[in-house]
Each structure stands twice: as C-alpha cells, then as structure tokens.
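Step one of this worksheet: look at the structure below.
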Amino acid sequence: MIRLIVVLAAASLAGCATLSDEECRYADWYAVGMSDGREGRLDTRLARHAEACEKHGVRPDAEAWRAGWREGILDHCSAPGGWRVGVAGTSYNGVCPPLLEEDFMFGYRPGRALYEVRTRLDEIDARIESVEARVVDDEIEADERRDLMEELRDLQREARELERERALIEAEAAERKLI
C-alpha cells in the first residue's frame, strides 16, 4: 500500500513526464486511471503511459486503467468538478462525455467567472497600490495628483463592485452545492 502511494504521488508530480521503471512495474493501473480521469486527462493518456513503460519492458494493464479512468472522469465531469477546474482558471478540454458535459459546465461557468473576478481584483489591487504610492510623491504636480486621486476613486469603486460580484458568485455556488 505504501508503495502504491509513493508511485501515485510520483506519477502525479511528474505530470507529463515519463514514468520511471519502478512506477511502471508497481503501478496499480486502476488507481492510475482513476487519478488521470479525476484530473480531466484525455483517455489518450494511456498511450503515453504505454510509451513510457515500454522503455522498461512493462505493458500497462489497459483494462484496469480504463475502468479507473471511467470512474475518475465521472468525478471530474460533475458540477463540483467543473467548479474546481473553473476556479483554478484552467480551460475546459472537452474531455467530458456528452451526457456529463452539462453537469460539468453547471459548475465550470461560475467557477471560471469567479476566477476572472479574482484575477481582475488582483490587477486592481496592484494598480491601487501603485497609484497610492505615486499620490504621496512630493515631486508630482497638483494636476497630476488630482488625476491620480480620481483614478484611485474609480479603481476603488470598481473593486467594490467586483467584491459584490465575487460574494454573489460564491453564495450561488454554495447554494448549488458546488463548494
């Protein structure tokens, strides 16, 4: 069991890297498939595993991998799975079967919207910090200071609007049981 955990941890850390000899030899292919499915990897991932393991004289258990992948993809293609992908800012790669795609998108759309709101808030916060530092500079002219103060008010107003939008998205997500 400990060996399995080590193999899976190494495989997940490796991302697209090839599997090592030990990972190929001791892999629980069902668990590897489940992990790949949960991560939203395409079913073509098995071919990459096979290519990597062929170098070590090992052939993956394709049947076990596919069974695990099918179970993992059910988790990934759920509404909470879509939420996780959207909030992470990851693009949807079209991996969900047609019957599951609607559920996935039910979570993905608000998750992606939240990601975009958070990203814009980070940009605004950085700009506010920059403007505030410039406003207190003794070497700027009164006209420039007035323009900066106006920009600062506009940025703060936009930040408040985005914070309300963020709170609304999070409340709706909680109501939908996405988070």
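Nothing here was measured: the structure is a model prediction, and the numbers come from that model.
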Please lay out, stage by stage, how Asp75 and Arg84 fare under the test salt bridge (charged side-chain N to carboxylate O under 4.0 Å, His left out). CA-CA 11 Å; Asp75 179 60; Arg84 288 188 302 270; 3.3 Å; yes
For residues [X] and [Y], determine if any side-chain heavy atom of one lies less than 4.5 Å from a side-chain heavy atom of the other.
{"X": "Thr44", "Y": "Arg48", "value": "no"}
{"X": "Arg146", "Y": "Met149", "value": "no"}
{"X": "Glu158", "Y": "Arg120", "value": "yes"}

Using every non-hydrogen atom in the two residues, find where [X] and [Y] come nearest and quote the distance to one decimal.
{"X": "Ala27", "Y": "Val32", "answer": "CB-CG2, 4.1 Å"}
{"X": "Ile73", "Y": "Gly37", "answer": "CD1-O, 3.5 Å"}
{"X": "Ser91", "Y": "Tyr108", "answer": "CA-OH, 3.6 Å"}
{"X": "Pro110", "Y": "Ile169", "answer": "O-CG2, 3.6 Å"}
{"X": "Val58", "Y": "Cys24", "answer": "CG1-O, 3.4 Å"}
{"X": "Gly40", "Y": "Val95", "answer": "O-CG1, 3.7 Å"}

Do the charged groups of [X] and [Y] touch, with an N to O distance under 4.0 Å?
{"X": "Arg112", "Y": "Glu116", "value": "yes"}
{"X": "Arg166", "Y": "Glu163", "value": "yes"}
{"X": "Arg134", "Y": "Asp147", "value": "no"}
{"X": "Arg157", "Y": "Glu161", "value": "no"}

How long is the straight-line distance from [atom2] of [Y] back to [atom1] of [X], given to the nearest 0.5 Å?
{"X": "Cys96", "Y": "Leu74", "atom1": "SG", "atom2": "CG", "value": "9.5 Å"}
{"X": "Leu162", "Y": "Arg118", "atom1": "CG", "atom2": "CZ", "value": "12.5 Å"}
{"X": "Arg160", "Y": "Leu121", "atom1": "CZ", "atom2": "CG", "value": "12.0 Å"}
{"X": "Glu172", "Y": "Leu114", "atom1": "CD", "atom2": "CG", "value": "11.0 Å"}
{"X": "Arg109", "Y": "Tyr92", "atom1": "CZ", "atom2": "OH", "value": "10.0 Å"}
{"X": "Tyr30", "Y": "Glu71", "atom1": "OH", "atom2": "CD", "value": "3.0 Å"}

Hydrophobic cluster membership, with links at side-chain heavy-atom distances under 4.5 Å among I/L/V/M/F/W/Y: are Ile124 and Leu168 in one? no
Please tell me whether Phe104 and Met34 are part of a single hydrophobic cluster in this structure, the criterion being side-chain heavy atoms less than 4.5 Å apart. no
Under 3.5 Å, side chain of [X] to main-chain N/O of [Y], donor-acceptor pair present?
{"X": "Thr119", "Y": "Tyr115", "value": "yes"}
{"X": "Trp29", "Y": "Gly68", "value": "no"}
{"X": "Asp36", "Y": "Leu46", "value": "no"}
{"X": "Arg145", "Y": "Asp137", "value": "yes"}
{"X": "His76", "Y": "Val85", "value": "no"}

Using the ring of each side chain (for Trp, its six-membered ring), is Trp65 parallel, tilted or perpendicular to His49, with breaks at 30° and 60°? perpendicular
Test log, rule salt bridge (charged side-chain N to carboxylate O under 4.0 Å, His left out), inputs Arg25 and Glu22: CA-CA 5 Å; Arg25 290 187 191 286; Glu22 187 171 320; over 6 Å; no
More than 12 heavy atoms from other groups under 6.0 Å of [atom1] on [X]:
{"X": "Glu54", "atom1": "CD", "answer": "no"}
{"X": "Glu144", "atom1": "CD", "answer": "yes"}
{"X": "Glu63", "atom1": "CD", "answer": "no"}

